[in-house]
Amino acid sequence: MSHTKIKTIFIGTSDFGIPALRVLLKDKQFEIIAVITQPDKPTGRKQILTPPPIKAEAEKYQIPVFQPGRINNLKSQIANLKSQIIIIAAYAQIIPEEILNLPKYGCINIHGSLLPKYRGAACVQAAILNNDKQTGITIIKMDKGLDTGPILWQDKINIESGDTAGALYEKLSLLGAKILPVAIKKYIAGEIKPIPQNNAKASYVKRLKKQDGLIDWAKSAVEIERFIRAMAPWPSAYTITKNKKQKTKNSLMLKLLESEHEILQINKNKYKIGEIFLYNNKLAVQCGKDALIIKKLQLEGKKEMKSEDFIKGNNWIIGSILK
RNA sequence: CGCGGGGUAGAGCAGUUGGCAGCUCGCCAGGCCCAUAACCUGGAGGCCGUGGGUUCAAAUCCCACCCCCGCAA
């Protein structure tokens, strides 16, 4: 390992990359010469122009920040920086091949799944949805494909039974920060050789949309419980219910935030699929198989609340059918 | 000026042709019962988000502001 610092550019947008960025900033073997992130965007209810989390972090350390609308436009400047390596974590833009080839050691990506499984954006959610017992972080050397580059390092993490996508995302973010410097150093020292991914085992998960959170009550309670965790905190699992005041509104969106499945010994003909009923004073919904006990929910325009509290003022909902 | 919902008892909600502030749950006391988280009776608990205005009279109508939330991003 040389005594000079590794000149590094960090590219990322969401807070997923923040722990990794911090670790690199503290590590004396790295010198972050620039951070590239998405442009500030209007966000929140007032549409206030807000910088991406990574930018806010970089500015604390007076690191130069670039925010190109398209990273391709920044090609020459990246070349001028003469970085030896580029780290990418959740940037939300495709990096063109010409840029990938600029740094001596190439571009390194932190990905939140055990590649080649779950290439793409919704990798964390996919692991929960598919009932995986483990997921992890894969450090790859990027090539022109989407998350297809050869693997430098991989580390696993257990998925706990109550893990939401949000919780898992955070754990993975920390895991990524832990293994990233190790992987890079070993790679630069020539101690590890990138291993090509087995494309035959690859799967791809596309970015989620709000609409993907719609619950299908015909599925089993076990599946829906998992679905709710996978959609939390975003896009969040939701269902549609008729409003009590049907004259003014047709329907309301009901977000389900936390639940537990329970195998109920009830007559199959007692409740219809999607029907809401009380079970031990708790809110329950009949699913295709078994029933789901709802613990926490949120009505459109309201704060999230425990289902017991919700019932106190909304018992009209009992007996209605969710679709 | 991005669109929209909301602030009423500890919690969740009703209550707009202005007219004594209600419901469910919880809480307190008593009763019933072998017993109870069940049931009955009684009770406490409110600046109706804030400040103005209209009115004999405002939770309700008008104006301004604060706070919370959904969509969107």
Side-chain angles (χ1 to χ4, degrees), chain A residues 11-18 36-57 65 67-71 89-94 120-122 124-125 164-166 169 206-215 227-260 262 264-266 276-285 292-320 322-323:
Chain A
I11 302 182
T13 301
S14 78
D15 46 12
F16 185 75
I18 286 181
I36 299 171
T37 188
Q38 296 275 41
D40 293 3
K41 282 182 182 170
T43 186
R45 264 177 287 271
K46 299 289 181 188
Q47 296 298 100
I48 298 165
L49 212 55
T50 308
I54 286 285
K55 179 187 180 186
E57 188 66 19
V65 175
Q67 298 177 274
R70 302 197 128 296
I71 193 162
Y91 177 50
Q93 269 194 48
I94 306 288
V124 181
Q125 292 90 338
T164 60
Y169 181 89
K206 61 181 177 183
R207 182 176 302 279
L208 292 173
K209 295 172 187 163
K210 188 73 195 171
Q211 198 183 349
D212 293 325
L214 185 63
I215 294 170
F227 179 79
I228 290 172
R229 281 190 287 122
M231 294 301 124
W234 199 91
S236 82
Y238 68 94
T239 189
I240 302 294
T241 178
K242 283 182 184 170
N243 193 342
K244 185 168 67 165
K245 303 175 186 170
Q246 290 183 1
K247 292 164 191 169
T248 53
K249 278 191 173 182
N250 294 326
S251 61
L252 274 175
M253 194 181 72
L254 190 63
K255 282 187 179 180
L256 302 184
L257 303 170
E258 215 179 292
S259 67
E260 58 186 338
E262 184 146 332
L264 299 180
Q265 306 295 329
I266 49 178
I276 295 181
F277 59 97
L278 275 182
Y279 177 74
N280 285 348
N281 293 322
K282 290 176 184 169
L283 202 63
V285 185
L292 203 65
I293 313 267
I294 310 301
K295 294 165 81 176
K296 245 186 208 176
L297 52 77
Q298 183 171 27
L299 201 59
E300 213 172 339
K302 290 294 189 179
K303 285 186 186 180
E304 67 172 74
M305 64 184 88
K306 290 187 277 186
S307 65
E308 295 105 287
D309 291 338
F310 173 75
I311 298 168
K312 286 171 187 168
N314 295 286
N315 24 24
W316 53 269
I317 204 171
I318 292 160
S320 52
L322 302 171
K323 287 178 185 170

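Please read these numbers as outputs of a predicted model, since none were measured by experiment. Per chain, numbering begins at 1; letters A, B, ... match sequence-line order.
Every side-chain contact (heavy atoms from CB on, under 4.5 Å) that Gln93(A) has, sequence neighbours left out, goes to Gln38(A), Ile71(A), Tyr91(A). Residues satisfying the side chain to side chain donor-acceptor pair (under 3.5 Å) test with Gln298(A), not counting sequence neighbours, are none. With sequence neighbours excluded, no residue forms a side chain to side chain donor-acceptor pair (under 3.5 Å) with Thr37(A). For Pro42(A), the side-chain contact (heavy atoms from CB on, under 4.5 Å) partners at least two apart in sequence or on another chain are Gln47(A), Leu49(A). When the side-chain contact (heavy atoms from CB on, under 4.5 Å) test is applied to Thr43(A), the partners found at least two apart in sequence or on another chain are Thr50(A). Here Ala56(A) pairs with nothing under the side-chain contact (heavy atoms from CB on, under 4.5 Å) rule; sequence neighbours left out. By the side chain to side chain donor-acceptor pair (under 3.5 Å) test, Gln125(A) is found to be paired with no residue, residues two or more places apart in sequence or in another chain being considered. Not counting sequence neighbours, Glu304(A) has no partner by the side chain to side chain donor-acceptor pair (under 3.5 Å) test. Qualifying ring pair (Phe, Tyr, Trp, His ring centres under 6.0 Å) partners for Phe16(A), counting only residues two or more places apart in sequence or in other chains: Tyr169(A).
Within 4.0 Å (heavy atoms only), Lys306(A) reaches no atom of the nucleic acid at all.
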Within the sub-3.5 Å range, which N or O atoms of nucleotides 65-69 of chain B have a protein N or O partner, and how far apart are they?
{"residue": "C69(B)", "atom": "O3'", "partner": "Gln298(A)", "partner atom": "NE2", "Å": "3.2"}
{"residue": "C69(B)", "atom": "O2'", "partner": "Lys302(A)", "partner atom": "N", "Å": "3.4"}
{"residue": "C69(B)", "atom": "O2'", "partner": "Lys302(A)", "partner atom": "O", "Å": "2.8"}
{"residue": "C69(B)", "atom": "N4", "partner": "Arg45(A)", "partner atom": "NE", "Å": "3.1"}

Using a cutoff of under 3.5 Å, can you pull out all pairs of nitrogen or oxygen atoms linking the protein to nucleotides 36-39 of chain B, with atom names and distances?
none

Write out a two-atom table: protein N or O, nucleotide N or O from nucleotides 25-27 of chain B, distance below 3.5 Å.
none

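Of the candidates U24(B), C71(B), A11(B), the closest approach to any side-chain atom of Asn315(A) belongs to U24(B).
For the C1' atoms, the distance from C48(B) to C20(B) is 15 Å, rounded to whole Å.
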